[in-house]
Amino acid sequence: MIATELTKLLRIRVPVVQGGMQWYGSRRQSPMQEGWVRSPLSLRRVASNELGETGILTALTQPTPEALRVAIRETRAATDKPFGVNITLLPTINPPDYEGYARAAVEEGVRIFETAGNNPSKLIQYFKLHGCIVIHKCTNIRHAKSAERMGVDVLSIDGFECAGHPGEEDMGGLVLLARAAQELTIPYIASGGIADGRGLAAALALGAAGVNMGTRFMCTVESPIHQNIKDTIVKATEQDTIHIFRTLKNTARVFKNAVSMEVVALERRPGGAEFSELRDLVSGARGKLVYENGDPDYGIWSAGVVLGLIKDIPTCEELLTKIEKEAEDTIAEMGKKVRRKAKL
């Protein structure tokens with residue numbers, strides 16, 4: 001059993017968090033253990049604590065705060081283990097009712113929150129006022145230290161390998177996590193490029209209290225996405241992602257397909273591209289349908305370079321049990337490499 005500040009804080013067994021995944025978090029993908037934080041795929045696999053992690057529902061997957069209330073109640077009916085809610089603040093033409101989602105979750109008794117994106121200070125203040133635990137995602141040390149001053153409890157340090165938005169500084173996880181160990185005074189978890197026990201052991205060696213995984217959890221039996229997308233993930237390699245929105249300073253790592261390649265081609269034209277020219281290609285509604293119709297070329301969908309490490313479609317329980325054992329075995333094996341100098 002691996003004990004870290006994260007497992008103690010969240011009362012979980014395995015220090016794994018399932019990252020937020022728009023459009024595919026659902027209560028049925030949550031085999032809760034006794035110590036991992038994950039997110040149900042639709043409800044961000046929140047019930048995942050039967051095995052030892054904590055699930056996190058993606059608030060904005062729900063159309064309204066009231067729909068989030070229903071999702072929370074459904075999740076609570078499925079598990080007696082703790083779970084959380086993610087709220088991500090990103091640039092948008094029509095901002096959602098962030099405060100409404102936060103209020104609904106708190107009123108429903110949720111006490112673990114994951115925040116990400118632009119200036120979450122008001123949300124963090126609200127959550128801390130109600131005695132909640134806050135995990136905040138950052139892509140650089142400057143933002144991490146700012147969130148630390150805001151009073152968050154745990155930081156999720158997202159390296160350049162991650163799916164979704166890796167920031168604009170292109171900093172890989174190896175250096176970013178080592179810098180976090182130098183600069184931060186609160187627990188942090190590693191996000192991006194992790195799919196197995198070796199990755200968990202490596203993150204712990206770099207000072208992390210656990211790891212955050214998203215793409216890996218997409219490819220599980222309980223994941224409600226189309227089987228063809230799961231098969232596509234298994235067949236893919238680490239070469240099968242691409243960055244879009246680089247020229248718009250809102251970089252996102254997504255699966256490399258016909259649509260994302262077209263977006264990049266438009267951005268690379270002399271003079272670049274306006275978002276209005278990309279809007280239809282990157283439509284969220286179109287991306288959501290990928291998970292429903294099983295066509296990997298139908299729209300934009302997030303995926304990390306960890307694609308290259310995913311070779312099977314296990315149940316969540318099988319995956320987490322294997323990660324736990326692999327991490328323990330790796331740590332034990334590393335210990336054997338230490339040779340103490342003989343006393344003179």
Side-chain angles (χ1 to χ4, degrees), residues 2 14-21 23-26 28-31 33 36-41 44-45 48 51-53 55 158-164 166 172-174 189-206 208 210-242 253-257 260 290-291 294-297 301-334:
I2 298 172
V14 181
V16 174
V17 175
Q18 181 181 311
M21 296 179 283
W23 304 130
Y24 52 87
S26 120
R28 64 191 180 92
Q29 192 199 6
S30 8
Q33 40 146 349
W36 331 346
V37 177
R38 36 178 149 162
S39 21
L41 291 178
R44 274 190 66 194
R45 271 199 40 220
S48 56
L51 298 171
E53 65 179 310
D158 289 24
F160 191 56
E161 304 87 345
C162 72
L174 193 63
I189 59 177
S191 180
I194 298 164
D196 54 28
R198 284 182 298 241
L200 172 56
L204 296 175
L206 286 164
V211 299
N212 181 15
M213 302 191 306
T215 306
R216 170 68 269 199
F217 278 118
M218 290 173 65
C219 205
T220 55
V221 171
E222 295 90 344
S223 168
I225 66 178
H226 197 284
Q227 182 63 38
N228 192 51
I229 301 304
K230 298 180 190 182
D231 294 339
T232 297
I233 291 173
V234 171
K235 294 174 186 175
T237 75
E238 63 274 17
Q239 303 292 326
D240 290 318
T241 71
I242 193 170
R253 186 186 293 279
V254 301
F255 187 75
K256 185 188 293 183
N257 62 13
S260 58
V290 168
Y291 303 124
D295 180 357
D297 282 312
W301 53 286
S302 294
V305 294
V306 75
L307 286 175
L309 300 177
I310 299 173
K311 306 300 180 184
D312 59 2
I313 307 173
T315 66
C316 292
E317 181 175 4
E318 290 168 345
L319 173 63
L320 292 170
T321 298
K322 182 179 179 181
I323 286 175
E324 182 180 30
K325 184 178 187 306
E326 276 186 354
E328 291 174 345
D329 290 349
T330 301
I331 292 168
E333 190 63 30
M334 292 297 292

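Because the structure is predicted, anything quoted here is derived from the model rather than measured.
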* To do: Take Ile313 and Asp231 through the side chain to side chain contact (heavy atoms under 4.5 Å, CB included) test and state the conclusion after the steps.
  => CA-CA 8 Å; Ile313 307 173; Asp231 294 339; 3.7 Å; yes
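- In this structure a side-chain-to-backbone donor-acceptor pair under 3.5 Å is present from Asp240 to Thr237.
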* Go through the steps for Leu174 and Leu206 under the test side chain to side chain contact (heavy atoms under 4.5 Å, CB included), then give the verdict. => CA-CA 8 Å; Leu174 193 63; Leu206 286 164; 3.8 Å; yes
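- Closest approach of Phe255 and Ala236 over heavy atoms only: CE1-CB, 4.2 Å.
- A side-chain donor-acceptor contact under 3.5 Å links Lys256 to the backbone of Gln239.
- Residue pairs meeting the salt bridge (Lys or Arg N to Asp or Glu O under 4.0 Å) criterion with at least one partner in residues 305-315, sequence neighbours excluded, are Arg216-Asp312.
- With sequence neighbours excluded, the residues satisfying side-chain contact (heavy atoms from CB on, under 4.5 Å) with Ile2 are Thr4, Pro15, Leu200, Leu204, Ala327, Glu328, Ile331.
- Residues Cys316 and Thr220 come closest through the heavy atom pair SG-OG1, 3.8 Å.
- Looking at Glu161, its side chain never comes within 3.5 Å of a backbone N or O of Gly193 through a donor-acceptor pair.
- Using a 4.5 Å heavy-atom cutoff, the side chains of Ile229 and Val290 are in contact.
- Listed here is the closest heavy atom pair of Leu319 and Ala195: CD1-O, 4.3 Å.
- Heavy atoms only, all atoms of each residue included: Ala303 and Leu307 are closest at CB-CD1, 4.0 Å.
- Counting heavy atoms from C-beta on, the side chains of Phe217 and Glu222 never come closer than 4.5 Å.
- Across Ala203 and Gly210, no two heavy atoms sit closer than the pair CB-O, 4.4 Å.
- Side-chain contact check for Val211 versus Ile189: every heavy-atom pair is 4.5 Å or farther apart.
- A heavy-atom distance below 4.5 Å is not found between the side chains of Trp301 and Ile225.
- In this structure a side-chain-to-backbone donor-acceptor pair under 3.5 Å is missing from Ser191 to Asp158.
- For the pair Thr330 (side chain) and Ala201 (backbone), a donor-acceptor distance under 3.5 Å is absent.
- Remark: Thr241 engages Arg253 in a side chain to side chain donor-acceptor pair (under 3.5 Å) (not counting sequence neighbours).
- Listed here is the closest heavy atom pair of Val221 and Lys230: O-NZ, 3.2 Å.
- A distance of 11.0 Å separates CD1 of Ile323 from CZ of Arg198, quoted to the nearest 0.5 Å.
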* Asked: When you look at Val306 and Glu238, which way does the side chain to side chain contact (heavy atoms under 4.5 Å, CB included) test go after all the steps?
  -> CA-CA 6 Å; Val306 75; Glu238 63 274 17; over 6 Å; no
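- Note that the CG atom of Asp196 and the CD1 atom of Ile310 stand 10.0 Å from one another [nearest 0.5 Å].
- Between Asn228 and Pro296, the closest side-chain pair of non-hydrogen atoms falls below 4.5 Å.
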